[in-house]
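Structure first, then comments.
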Amino acid sequence: MLRRYRWPMAIALGLALLWGLLWAKPQGFHLDRHQQLAADLRQMEQQDAVLGMIVLKIKVQLDPNYDQLTQAVQQFQVLQTRVNAHLPSTFREVGLRAAATQTPQTLQRTWHQRQMALEQFKSNVAIFNNSHRYLNHVIASLLAREATIPAPLQVALRELLQAMLTTDRQPQGGSLTPIVTALEQLAKLQSTAPIAQRSQIADVVTHGQIQLQSQMRINDLTPQLTDQSMGRLIEDILQNYEQRYSAALAKILGLLGLLVLCTVGLGIYAAILYRARVRSQRMAQINQRLEHEVQSRTAELSATLVQLQQSQSQLIQAEKMSSLGQLIAGIAHEINNPVSFIYGNIQPAQRYIADLLQLIDLYQDHVQIPASVAAWADEIDLPFLRTDLPKSLDSMLMGADRIRQIVLSLRNFSRLDEAAQKAVDLHEGIDSTLLLLKHRLNVQPHRVAILIQKDYGDLPPVLCYASQINQVMMNLLVNAIDALECEIPQRGPQFRPQITISTAITPDQRVRIQIMDNGPGIPELVQAKIFDPFFTTKDIGKGTGMGLAISYQIIVDRHQGQLRCVSVAGSSTTFEILLPLQLDPSPAIDSSQSGKSVLG
Amino acid sequence: MSFPSALQHRQYPRWPRILRPLLTLIVALAIGLGLAIGLKPSSATPIPPSIALIVNATQAPAPIQPLPQLKVLRPPVIRLGAQLFNDPILSHDRGSSCASCHQFNQGGADGLPQSIGNQGVPLTLNSPTVFNSGLNSAQFWDGHADSLEAQIDGPIHDSREFATDWPTVIRRLKAQPDYAQAFQTIYPGRGISEATIKDAIANFERSLLTPSRFDQFLQGKATLTPTEKAGYKAFQDYGCVACHQGMNVGGNLYQRLGLIKPYYTAQNPAKPADQGRMAVTHDKLDQYMFKVPSLRNVTLTAPYFHDGQIKTLAAAIRIMAEYQLGRPIPEADIDHIIAFLKTLEGQPQSIALVEAQ
């Protein structure tokens with residue numbers, strides 16, 4: 001059986017596994033994370049430009065505080081942290097394994113350097129701003145009192161101021177040489193200053209140096225802070241990543257397409273399986289119906305066959321009964337007349353013989369008997385003859401009477417003149433049958449007599465086909481006798497074979513006739529078949545197998561009665577006939593009609 | 001349909017058998033789906049922000065800017081942070097909390113040169129104020145934490161401070177049903193963790209902005225006395241504002257102590273704790289570089305400097321003038337500057353919120 005479903009199961013399993021794989025594979029691809037990472041990287045790139053811009057603004061003193069820079073750095077830091085956290089897994093998803101570990105490190109390192117540079121930038125800008133402001137202030141205050149300051153010093157101070165103005169607020173930070181030159185000049189002329197202003201000039205030199213140093217440092221830092229090297233680095237990472245991402249996305253989309261195809265395939269396969277199921281169900285239904293039809297047809301046919309057999313046996317039986325009945329009726333009629341002559345004439349003959357014997361007596365008393373006559377009288381032993389002759393006649397009368405009785409029984413049994421049903425005394429029929437069977441009940445050379453026990457109830461005349469009922473009685477009694485005859489040698493001298501015939505009216509107004517023998521009983525296996533036509537347990541040639549079948553037919557079909565057999569193995573068998581008191585003619589018509597339809 | 005084929009119906013598959021491939025299919029699908037769902041890792045979503053700062057830019061690009069406007073998005077986070085901030089459960093001996101060194105009635109610091117640690121031993125540096133610390137570009141004097149969240153790791157692990165570790169802290173908090181429930185409500189799906197504890201405390205700290213009269217002045221909502229105005233002018237003229245600028249009047253850059261003139265000399269030798277940012281960057285250029293502190297509430301947070309060695313503000317200004325600015329500031333101007341600095345005093349904004357619970 002399994003072999004038959006190996007392929008459908010394998011296909012289903014394969015498709016389902018493929019589906020699961022196709023479903024599971026894109027689950028490992030986090031589109032949202034990719035989008036987030038790409039967005040973060042782009043924002044970092046932008047933020048790098050923003051940082052550069054802020055740095056320039058601070059440098060040219062458009063931005064007098066570091067709030068914006070601090071905020072921008074913090075934002076960049078947030079992005080950087082997020083990118084570093086998500087980049088490795090996201091990169092690995094698109095196959096950038098080496099980059100997944102290197103890129104965060106590179107970014108981290110670059111950003112760290114950038115932060116350090118920014119801090120230095122802030123510190124130096126603060127230093128520059130402080131000194132620059134102070135220099136402006138102190139030089140202005142010195143020049144305001146130009147009378148007290150020697151002219152070369154004044155020139156030097158003015159040059160420094162000039163140099164500061166030209167290099168001040170230059171985004172790209174021009175050459176610092178003028179400041180260097182001015183400061184050298186100033187340092188040389190420092191000693192020429194009047195004592196009152198000497199400390200101020202010294203301050204100018206100190207702050208000038210500090211300013212110069214910070215300015216140089218700022219000019220060094222500015223290019224690397226504004227060259228957007230972070231941005232370019234990120235751009236490179238992004239380009240590399242986006243190529244791989246597009247490829248990976250295309251692959252995922254392809255897988256999704258396959259998934260859709262696989263789903264459709266699964267759907268179609270399921271539909272095919274479903275259709276196959278529905279078809280097989282329908283097929284099974286059709287088959288069941290067909291089988292049912294065949295069974296009922298077979299049952300009908302076998303029923304018809306049984307009925308045909310019954311009809312046939314009925315016909316044969318009817319034919320047999322008909323001819324036997326005619327024969328018996330003819331014999332009975334033919335014997336009836338001569339027997340009537342004999343029976344009718346014996347009584348007058350007795351009277352005549354008595355008269356004649358009286359006459360002989362008178363002759364002997366009153367007439368001398370010649371010797372020849374006396375000798376003849378001695379010869380025939382007249383006294384014996386006188387006593388024996390009436391006895392002979394009595395015997396003849398008895399025999400004639402018996403012949404009459406037998407003829408009457410034959411006529412009762414055949415009843416050819418009574419084709420229609422008639423109310424009869426069932427007891428009379430039973431007695432006639434018993435009479436016919438008397439020779440079999442009597443003592444036989446090899447066995448004792450079979451005792452008949454009659455237990456008749458009070459029966460009204462019953463409307464029935466009397467000859468048929470008699471036939472049933474005959475069959476049942478013959479069977480009982482046959483059974484007992486077989487049993488007698490088995491059971492020995494103690495056995496008293498007996499048939500009990502009992503009749504009664506049942507509470508539901510039916511006649512019940514029970515014929516019970518104390519024979520061997522009928523085995524259960526055999527009980528089921530006893531009413532089947534041609535079934536017999538008797539020796540070949542002895543039984544026809546029709547007796548009980550015909551009996552059953554007569555009782556059940558013709559009389560709407562019941563014929564049952566109750567047997568106790570080893571002790572008794574009882575056949576019970578139940579007949580309705582009033583025979584309803586209509587079912588008989590029905591049964592004949594149904595028989596016709598079946599045959600048709 | 002012919003009779004004989006119909007009679008052979010028992011050779012046709014009956015429906016439970018035909019169902020077998022279908023069942024296999026369904027089971028396989030279920031396994032596939034379960035596998036797919038099981039394989040999909042939950043993406044870590046960031047904790048949503050609890051506060052927003054709206055920057056009030058003045059029209060002129062002035063060096064000092066008013067404080068941003070505080071908008072509390074998730075008040076329960078702030079309340080939880082305040083509770084944690086004040087709870088000694090965070091320290092190993094349950095003897096100190098964040099509030100031990102950052103007292104609200106001491107301007108967010110503790111008024112000591114150096115805070116006293118858990119063993120009664122002073123720490124090496126002066127406690128900076130917690131007020132407005134969210135506006136700093138980095139935390140600690142040497143800036144070794146770049147956020148308030150990162151800052152918390154310092155005191156937690158420092159053997160002289162809380163002397164504990166995160167597993168212990170988390171275990172302790174989980175043992176307290178009210179904390180367990182508060183965290184579960186505020187951080188659904190996360191509960192008590194290092195990240196959520198840090199988030200609550202750091203956001204509470206971020207909410208500790210102290211708007212002052214000077215902020216109102218910058219926004220044209222208040223006036224300064226002539227002395228204060230003179231102080232503000234002096235503050236700018238002497239160059240203080242070169243470093244003490246921005247919303248926090250400092251706190252967003254590093255500067256060397258002893259810029260014009262060396263602060264540490266043979267007479268005043270530097271201790272290990274005085275190395276400044278060099279401890280972080282290991283760059284000689286960063287020696288004695290310290291974070292420029294915010295001057296908000298500076299009048300309330302004596303003593304001064306990273307080591308808390310300068311007891312008065314006037315003294316601090318004098319040192320600044322000498323070593324950082326390279327010129328003396330007359331005493332009259334120092335008084336004015338102090339008057340100006342007093343206008344930067346303020347009370348933390350979110351206290352009302354925390355106390356209102």
Side-chain angles (χ1 to χ4, degrees), chain A residues 1 4-5 8-9 11-13 15-17 19-21 23-24 27-28 30 32-33 62-67 69-71 73-74 77 82 85 116 119-120 122-123 125-127 129-131 133-134 137 203 206-207 210 266 269-270 273-274 276-277 280-281 283-284 286-288 290-291 294, chain B residues 1 3 6-7 9-10 12-15 17-22 24-25 27-29 31-33 35-37 39-40 43-44 46 55 61-65 135 137 143 146-147 237-239 241-243 245-248 252-256 259-260 277 281 283 285 289 292 324-327:
Chain A
M1 267 301 138
R4 193 183 173 86
Y5 301 105
M9 280 176 78
I11 292 168
L13 207 66
L15 270 175
L17 280 177
W19 193 91
L21 275 174
W23 174 270
Q27 301 307 308
H30 300 89
D32 52 340
R33 286 198 205 165
L62 275 173
D63 204 349
N65 61 54
Y66 307 128
D67 284 346
L69 188 62
T70 306
Q71 282 165 23
V73 166
Q74 278 171 353
Q77 181 66 45
R82 204 156 66 198
M116 306 278 268
E119 290 303 338
Q120 286 182 13
K122 280 195 286 186
S123 302
V125 168
I127 295 163
N129 283 350
N130 178 36
S131 295
R133 177 189 282 269
Y134 180 55
H137 172 76
D203 274 355
T206 314
H207 279 277
I210 288 169
L266 271 173
Y269 191 69
L273 286 181
Y274 181 74
R277 198 201 99 182
S280 74
Q281 260 183 330
M283 192 68 84
I286 289 168
N287 285 335
Q288 213 174 351
L290 283 171
E291 193 185 24
V294 167
Chain B
M1 184 164 300
F3 250 62
L7 284 168
H9 73 283
R10 283 197 190 280
Y12 281 76
R14 272 178 298 176
W15 95 274
R17 290 225 183 87
I18 200 76
L19 195 68
R20 226 177 279 168
L22 264 176
T24 317
L25 204 108
V27 166
L29 273 185
I31 291 168
L33 203 69
L35 212 71
I37 290 165
L39 283 177
K40 189 179 182 180
S43 56
V55 174
I64 299 176
Q65 292 290 330
L135 300 174
S137 62
D146 58 11
S147 68
D237 287 347
Y238 285 108
V241 85
C243 291
Q245 39 60 53
M247 293 182 289
N248 209 11
N252 56 6
L253 77 157
Y254 301 98
Q255 202 54 273
R256 180 175 294 106
L259 184 65
I260 307 289
R277 193 159 165 73
T281 63
D283 187 342
L285 281 175
M289 287 281 258
V292 173
Q324 304 301 106
L325 301 174
R327 58 195 138 141

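Small disclaimer: the values here were computed from a predicted structure and weren't measured. Residue numbers begin at 1 in each chain, while the letters A, B, ... track the order of the sequences.
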Exercise for review: Would you mind telling me which of B:N248, B:L259, B:L135 has the largest number of heavy-atom pairs within less than 4.5 Å of chain A?
Suggested key: B:L259

Review point. Tell me, side chain or backbone of A:I127 under 4.5 Å from chain B's heavy atoms, or both, or neither?
Key: both

Review point. What do the steps show when you test B:N252 against B:Q245 for side-chain contact (heavy atoms from CB on, under 4.5 Å), and what is the final call?
Key: CA-CA 8 Å; B:N252 56 6; B:Q245 39 60 53; 2.7 Å; yes

**Study point:** Pairwise distance CD(A:E119) to OH(A:Y66) - rounded to 0.5 angstrom
**Key:** 10.0 Å

Check your understanding: For the atom pair OG1 (B:T281) and CE (A:M116), what is the distance rounded to the nearest 0.5 Å?
Key -> 4.5 Å

**Study point:** Full working for side-chain contact (heavy atoms from CB on, under 4.5 Å) between B:C243 and B:Q324
**Key:** CA-CA 10 Å; B:C243 291; B:Q324 304 301 106; over 6 Å; no

**Study point:** Pairs of heavy atoms under 4.5 Å with chain A: top-ranked of B:G239, B:P63, B:G143
**Key:** B:P63

Exercise for review: Nearest 0.5 Å please: distance from the CZ atom of B:R327 over to the CG atom of A:N130.
Suggested key: 5.5 Å

Review point. Checking A:H137 against chain B: side chain, backbone, both or neither under 4.5 Å from a heavy atom?
Key: neither

Point to revise | Contacting moiety of B:D146, where chain A heavy atoms sit under 4.5 Å | key: side chain

Point to revise | Partner chain B: residue of A:Q77, A:H207, A:Q74 with the largest heavy-atom pair count (under 4.5 Å) | key: A:H207

